[in-house]
Structures are given as C-alpha cells and as structure tokens.
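Below: the structure, in structure tokens.
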Number of protein chains: 2
Amino acid sequence: MTTRTAAQRRSDARIAHQDRFAACSTNRLLERLGEKWVALILKELTEGPRRYGELAQSIAGASQKMLTETLRRLERDGLLSRTLTPSVPVRVDYALTPLGRSLLPVLREVTRWAEQNMAAIDSARTGYDDQRSRASHDDEQRGTGPHGRRGQG
Amino acid sequence: MTTRTAAQRRSDARIAHQDRFAACSTNRLLERLGEKWVALILKELTEGPRRYGELAQSIAGASQKMLTETLRRLERDGLLSRTLTPSVPVRVDYALTPLGRSLLPVLREVTRWAEQNMAAIDSARTGYDDQRSRASHDDEQRGTGPHGRRGQG
DNA sequence: CAGAATCCTCTTTGATACTG
DNA sequence: CAGTATCAAAGAGGATTCTG
C-alpha cells in the first residue's frame, strides 16, 4: 500500500497536465477570443476608436460590468488602448493597438469559415437531434432500451 | 410616466440584442472553439482517429465527464464522427469529419498568430500589472487615493 | 460620462460511484 | 472499455446602487 491513493495520483497527473495545457498559446488565445463579448468588441473597434458609451450602445447586450471587465482584460493583454481625457465629464476612448490590429486577419479567416460552414453545423445538429429523438421513441414503443431518454431540452 | 421603467426597457433591448448576437456565426464558432477542451481534442484528432481511452490519456487534464460531453457536442456539430464497435468490450473510435478537417487551416492560422504574439501579450500583462501595483503603492504612501486596492489575487 | 462595489443567480466543471 | 448519473464546488455573468 502506497502513501497516496490511486485517486490522488490521478488527480496529481491531472493538475500537472493542466499546467501544460495552460501554457499552450493556441488554447490561451482561443479562450480569450471565445469570451462572451471579445469578438464583438474587437469587431466594433475595427471600424475605429470608440468611446465607452458608444461601445455600450452598439454592444447593448452586454451589461456595464461585463463590458468594463472585458475591456480591461483586453487592455491588459495589450490588444487595445484606453485613453482617458480628464475633462468634465471625463471621456474615455478605446482603440485597437498594433498588436490588436495584427489579430484582425486571423479573425477574418475565422469569420470566413464560419459564414461558409455554420449552416452545415446547424443541419448536422438537426440531424443528430432528430436521430436521437427517434431512437428514444423506438425505445419506448418496443421497450428495448431501458436507458433513459430524459433529454428533452 | 410610461408603463415600463427605464430598467425594463434597457433589459428588453438587451434581450433583443442577445438574439442577434447569438445569430452571429463568428461568435458561435469562437465560443465553440474557446471551450475548455475543444482545441486539444481537435489537435489530437488531427493526427488520426483515436479511441476514447487514447484521448483520455493524451488529454489527461480533462475529467471523464468533460471529455465525453465535449466529444458529444463536437459530434453533434458534425465536426467529428463517433464509431461504435459492439465487441466485448466495446470499442469507440473518434475521427474528424471532412467538415472538421476543413477547420484545421483556420486553426493553424490561430496557432501561428498565438505562437508569434503570445509573448507580447504576456509582457503587456506584466507591464499593466506592474503599473497598477506601483500606482496603488503610491496611493498608500501619500494617502491620495481613497479607492480601495483590495485586489491582491 | 465612465465606471466601482456589492449581491445574487445560473452555468460550468470536477469528483465520485455505478453499469452494459 | 466506454461510458451514465449524481452531487458539490467554482466561476461567469447580471442587476443594482453609488461615485469622481
């Protein structure tokens, strides 16, 4: 009997792996871009600098908290700049940095693929869901499949 | 006095906006790719088909639950296929579909940018954090800044 | 105007135990 | 082997209130 249980050893391995995972730059970038309002903010700033209020309007879906937090993260990453003009009332402008602009071609590739293939994804989903609902229906009719069909949503 | 409060109107506008947001294919794709284990799974399957257990090993950071759920989502999206061989014990193979493979060039662009620029992002973060910690330090010394500096973590 | 702070809810993720 | 089911913890996100 060792000092650590099998569960502990597995957990350790997992933690070690997560470090390596966190170090993967592709993942780090995708996680950032996948955040809820990042793509929209970048898209809006592609057209030029924007004041905070302008962003809040054009991205009306985001709460004030999320908008501010997301902008801060992007500023921290050096992808956009925040310029405060200490007038009364204050004025804050956000703009893409050169680093942020360098990301745009990549985003355009993503957009291109998405626009060309998202319909295929949607139809794949429909097919997958149809098949599942029909299968569980059969289960009920013939009583052959005891495994639950609880997924209605 | 109108029937709805300003808060309600804002909330309505937000909900309407979220619909349009959800319909944006770029966002939908980025959210999918930004999910915690998606990029790793796709990367692994780039090398060829993999059995469930093989994926579980090479992506040891993911819990069994997350791995299964993520694989299912990707299968549902038509990005990968799941082939069940009803032997004893059962055998399940995952592989990229043509649709999934068509995504690889896009991912390579993302990887290329990430590898070239993630260092810049890291140094931007360091600079940002340094500046902030120095600023709040000054505040304490001179007592000019009453706004809390509670963020130690 | 452009946030900061606080409270609270819903979703995501992981650990654990069980199964065909 | 390849999952499913359940529960608990963590985190994301939103509503609200207050401020320089």
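Naming: A, B, ... by sequence-line order, numbering from 1 per chain.
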From CD of B:Glu69 over to P of D:dA5, roughly how many Å is that when rounded to an integer? 11 Å

Taking 4.0 Å as the cut-off, does a side-chain nitrogen or oxygen of B:Trp37 come that near to OP1 or OP2 on C:dG14? yes

Whole-Å gap separating C1' (C:dG3) and CE (A:Met66): 15 Å

If you compare every side-chain N and O of A:Tyr94 against the phosphate oxygens of C:dC1 (OP1, OP2), does one of them come in below 4.0 Å? no

Write down the distance between CD1 (A:Ile59) and P (C:dA2), rounded to a whole number of angstrom. 14 Å

Options D:dC1, D:dG3, D:dG20, nucleotide nearest the side-chain atoms of A:Val90: D:dG20

Which residues within residues 44-53 of chain B lie with some heavy atom under 4.0 Å of an atom in DNA chain D? B:Arg51, B:Tyr52, B:Gly53

Looking only at side-chain atoms of A:Ser63, point me to the closest of D:dA15, C:dG3, C:dC1. D:dA15

Nearest nucleotide by nearest heavy atom, which residue falls closer to the 5' end of DNA chain C, A:Asp93 or A:Lys65? A:Asp93

Dot-bracket encoding of pairs in DNA chain C, which uses [ ] for pseudoknotted crossings and | for another strand, Watson-Crick or G-U under 3.5 angstrom: ||||||||||||||||||||

Please check the phosphate of D:dA2 (OP1 and OP2 only) for any side-chain N or O of B:Arg82 closer than 4.0 Å. no

Decide salt bridge (charged side-chain N to carboxylate O under 4.0 Å, His left out) for A:Glu31 and B:Lys36; before the verdict, give the C-alpha distance in whole Å, the side-chain angles of both, and the deciding distance to 0.1 Å. CA-CA 7 Å; A:Glu31 277 184 24; B:Lys36 203 164 186 178; over 6 Å; no

